[in-house]
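Treat the numbers as computed from the prediction; the structure is a model and nothing was measured. All heavy atoms count here, side chains included; hydrogens, waters and symmetry mates do not.
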Amino acid sequence: MPDEEQHGIRIHLDRILAEQDMTLTELSARVGITVVNLSVLKNGRAKAVRFSTLSRICDVLKCQPGDLITHEPES
């Protein structure tokens with residue numbers, strides 16, 4: 001069994017941050033989540049995300065969860 005569980009979830013935090021000209025550090029300060037934890041999410045290494053965290057990110061970025069997260073099924 002591989003160390004990393006394969007899934008089709010994709011995180012688009014990089015794109016949204018670039019569109020809003022915001023850094024991960026700025027988002028971290030505004031959301032109240034460490035840069036390390038946001039980096040884990042941004043790089044697709046997170047195994048889960050709390051709804052409260054997702055909600056705070058969406059509030060700050062003025063977006064919907066579907067703007068941040070998509071599912072691309074494995075073939």
Side-chain angles (χ1 to χ4, degrees):
M1 177 174 242
D3 291 340
E4 296 284 325
E5 182 181 331
Q6 296 298 312
H7 57 76
I9 300 298
R10 301 294 174 251
I11 305 296
H12 306 287
L13 193 52
D14 273 343
R15 177 181 49 81
I16 294 173
L17 287 172
E19 288 171 357
Q20 297 195 19
D21 196 30
M22 185 183 296
T23 66
L24 198 62
T25 302
E26 182 181 351
L27 180 62
S28 170
R30 293 179 64 185
V31 172
I33 306 292
T34 66
V35 173
V36 171
N37 284 340
L38 281 176
S39 181
V40 167
L41 178 63
K42 177 182 73 98
N43 292 315
R45 295 189 318 263
K47 295 187 184 285
V49 61
R50 292 177 188 226
F51 285 156
S52 59
T53 300
L54 183 59
S55 180
R56 289 194 312 253
I57 291 170
C58 288
D59 286 344
V60 169
L61 295 176
K62 295 178 178 50
C63 68
Q64 294 294 313
D67 299 329
L68 288 169
I69 301 170
T70 58
H71 180 251
E72 298 171 10
E74 301 288 319
S75 50

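Here side chain to side chain donor-acceptor pair (under 3.5 Å) pairs that include residues 18-39, with residues two or more places apart or in two chains, are R15-E19, T34-N37, S39-N43.
The CG atom of L41 lies 13.5 Å from the NZ atom of K47; values are rounded to the nearest 0.5 Å.
Under the rule for a salt bridge (charged side-chain N to carboxylate O under 4.0 Å, His left out), D59 has no partner lying at least two apart in sequence or in another chain. Partners of S55 according to the side chain to side chain donor-acceptor pair (under 3.5 Å) rule, which considers only residues two or more places apart in sequence or in another chain, do not exist here.
Taking both residues in full, the closest heavy atoms of Q64 and C58 are given as C-SG, 3.7 Å, listed atom of the first, atom of the second, then distance. Closest of all the heavy-atom pairs between H71 and I9 is CD2-CD1, 3.8 Å.
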Problem - Residue pair D14, L24: steps toward the side chain to side chain contact (heavy atoms under 4.5 Å, CB included) verdict - result: CA-CA 9 Å; D14 273 343; L24 198 62; over 6 Å; no
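L68 and V31 fall within the same hydrophobic cluster, where Ile, Leu, Val, Met, Phe, Trp and Tyr residues are linked whenever their side-chain heavy atoms come under 4.5 Å apart, directly or through other members. No path of Ile, Leu, Val, Met, Phe, Trp and Tyr side chains, each step under 4.5 Å between heavy atoms, connects I69 with V40, placing them in separate hydrophobic clusters.
I11 has its side chain out of reach of T70: every pair of non-hydrogen atoms, C-beta onward, lies at least 4.5 Å apart. R56 has its side chain within reach of I33: a pair of non-hydrogen atoms, C-beta onward, lies under 4.5 Å apart. Residues V49 and I57 have side chains not in contact (no heavy-atom distance under 4.5 Å, counting atoms from C-beta outward).
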